[in-house]
Amino acid sequence: MHPRCPRALRALAAASLTLSLAQPTLAADDYPNRPIRMLVGYTPAGAADYVARIFGEALSKQLGQTIVVDNKPGAGSTLASAALASAPADGYTLALATATLYGIDQRLYKARYKSQDFTPITRLTVSPLILAVNKNLGVADIKALVTKAKAEPGKFNYSSSGIGGSPHVAGLLFEKATGVHMTHVPYKGGAPALQAVAAGEVQMSFGTAASVLPMGSQGIVKMIGVTTPKPSEVAPGLPSLAETGLPGFNFTFWFGLYGPAGLPPEIRDRIFAAARKAMADPQIRAKLAANGSEVSLSESPTEFGAWAAADGRSALERIVQAGVKLD
């Protein structure tokens with residue numbers, strides 16, 4: 001063997017290693033060079049869909065590529081989350097998701113993915129829920145609603161956007177706070193859940209502002225109050241349930257941006273920085289606020305991941321304590 005062959009082989013190996021290490025950076029430098037798909041596990045016209053479309057449009061301007069919103073409702077949003085978990089970790093498939101990734105999906109829907117199958121990027125919005133009732137129910141405030149529900153045991157039904165979701169959990173907290181037992185009726189999104197209230201199929205629902213405000217402002221459903229301790233700017237004129245009959249009642253929900261596990265840090269950070277710039281636009285913040293969503297960005301992807309995991313564990317505990325299960 002030529003005496004220089006080992007040295008040449010070592011040099012070739014070193015060059016190959018250098019090239020392989022440089023490839024993610026090159027990919028990040030080139031990212032994005034084609035449209036990006038954003039999965040949403042709920043129907044159009046609901047809060048998640050609205051946030052995704054407003055945010056997606058703003059994000060596309062920062063990244064220079066089209067953001068295509070892809071609604072995949074059903075099974076409590078797990079269809080979209082499963083699609084994200086199996087997507088290539090290249091930054092071209094993202095999703096809006098919430099606390100259910102951290103145990104609720106696995107417990108209720110037997111989802112095969114785990115929270116480790118996703119890359120947290122940033123929290124986007126935090127919002128209250130609004131309690132809406134059928135306009136013919138004959139109640140004007142929370143005290144009258146509770147009185148009527150207690151007087152008619154077993155006759156009250158409430159709708160939600162799906163088992164284990166935020167509106168469902170809020171309903172469980174309402175039952176616990178009032179001692180009123182109700183029947184939960186899940187739908188495939190916030191819009192159909194509120195349509196059920198309007199049609200009299202159910203008596204009430206905790207819905208997102210995006211779902212409730214359009215119908216409430218037109219008098220199609222009766223809005224009772226918000227789930228934050230104090231009145232919220234996203235629902236002007238509505239009292240808080242805590243101040244008008246349910247002391248201590250407090251519930252909010254959030255949407256966050258995720259990628260698949262293994263998303264290169266360079267691409268993750270590029271998306272994070274673009275998201276911060278997109279959501280800093282006063283017009284974008286105003287659009288979201290007008291539909292019930294307050295912009296609430298994370299300090300970093302790492303901070304968001306830790307915060308979301310803790311909130312997810314808390315949400316799972318509520319589900320377990322209430323004995324929630326799929327019928």
Side-chain angles (χ1 to χ4, degrees), residues 40 42-58 96-99 122-133 135 140-142 145 158-161 165-171 173-174 189-191 193-195 197-198 204-246 248-257 275-276 278-298 307-308 311 315:
V40 179
Y42 303 93
T43 55
D49 180 70
Y50 189 85
V51 170
R53 292 182 187 278
I54 297 298
F55 169 65
E57 182 180 357
L96 248 66
T98 189
T122 183
R123 184 178 58 240
L124 294 174
T125 60
V126 174
S127 308
L129 294 176
I130 298 175
L131 175 56
V133 302
K135 65 179 183 179
D141 55 40
I142 187 63
L145 175 64
Y158 71 101
S159 61
S160 81
S161 54
S166 295
H168 181 200
V169 175
L173 293 179
F174 178 84
L194 266 293
Q195 290 164 2
V197 177
M204 56 177 278
S205 182
F206 284 92
T208 63
S211 298
V212 178
L213 287 175
M215 301 179 74
S217 61
Q218 298 179 56
I220 299 174
V221 297
K222 171 69 177 177
M223 298 185 291
I224 297 297
V226 295
T227 58
T228 42
K230 301 289 183 181
S232 171
E233 292 183 0
V234 305
L238 279 183
S240 74
L241 300 180
E243 291 181 329
T244 53
L246 289 182
F249 195 87
N250 180 18
F251 187 86
T252 58
F253 72 98
W254 54 270
F255 289 120
L257 184 65
R276 288 190 68 88
M279 291 300 227
D281 185 336
Q283 292 185 342
I284 297 301
R285 300 173 80 94
K287 283 183 180 179
L288 290 168
N291 209 258
S293 297
E294 179 182 347
V295 172
S296 179
L297 296 172
S298 304
W307 179 89
D311 190 71

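Source: prediction; values computed, not measured. Residue numbers start at 1 and run along the sequence shown. Heavy atoms only: backbone and side chains are in, while hydrogens, waters and symmetry mates are out.
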Is there a side-chain contact between [X] and [Y] in this structure, where contact means two heavy atoms from C-beta onward sitting under 4.5 Å apart?
| X | Y | result |
| --- | --- | --- |
| V212 | L194 | yes |
| V234 | P128 | yes |
| L213 | N291 | no |

Passing candidate, side-chain contact (heavy atoms from CB on, under 4.5 Å) with L241, options N250, L145, V226, I224: I224
Qualifying residue for side-chain contact (heavy atoms from CB on, under 4.5 Å) with L131, from I142, L246, T227, L238: I142
Regarding R285 and D281, does a basic nitrogen lie under 4.0 Å from an acidic carboxylate oxygen? no
Can you give me the closest heavy-atom contact between [X] and [Y], atom names plus distance?
| X | Y | result |
| --- | --- | --- |
| A191 | P44 | CB-O, 4.4 Å |
| P167 | S160 | CB-CB, 3.9 Å |
| A209 | P214 | O-CD, 3.7 Å |
| T122 | A275 | CG2-CB, 4.2 Å |
| S159 | S205 | O-OG, 2.9 Å |

Side chain to side chain contact (heavy atoms under 4.5 Å, CB included) between R123 and F255, intermediate numbers included: CA-CA 6 Å; R123 184 178 58 240; F255 289 120; over 6 Å; no
Report the distance from atom [atom1] of [X] to atom [atom2] of [Y], rounding to the nearest 0.5 Å.
| X | Y | atom1 | atom2 | answer |
| --- | --- | --- | --- | --- |
| L96 | Y42 | CG | OH | 9.5 Å |
| M223 | I130 | CE | CD1 | 6.0 Å |
| S298 | W254 | OG | CH2 | 8.5 Å |
| T228 | L129 | OG1 | CG | 9.5 Å |
| L124 | S296 | CG | OG | 9.5 Å |
| M279 | T125 | CE | OG1 | 6.5 Å |

Counting only heavy atoms not in E57 (residues, nucleotides, ligands), do more than 12 fall under 6.0 Å from its CD? no
Tell me if the CD atom of E243 is crowded by more than 12 foreign heavy atoms within 6.0 Å. yes
ring-ring contact (aromatic ring centres under 6.0 Å, His included) for Y158 and F206? Distances and angles first, verdict last. CA-CA 8 Å; Y158 71 101; F206 284 92; 7.5 Å; no
[Y] backbone acceptor or donor facing [X] side chain under 3.5 Å:
| X | Y | answer |
| --- | --- | --- |
| T244 | S240 | yes |
| S127 | G292 | yes |
| S161 | G189 | no |
| D311 | W307 | no |

Evaluation steps, side chain to side chain contact (heavy atoms under 4.5 Å, CB included), between M215 and V221: CA-CA 6 Å; M215 301 179 74; V221 297; 4.0 Å; yes
Could you walk me through whether F253 and T208 satisfy the side chain to side chain contact (heavy atoms under 4.5 Å, CB included) test, starting with their C-alpha distance in whole Å, then the side-chain angles of each, then the deciding distance to 0.1 Å, before giving a yes or no? CA-CA 9 Å; F253 72 98; T208 63; 3.4 Å; yes
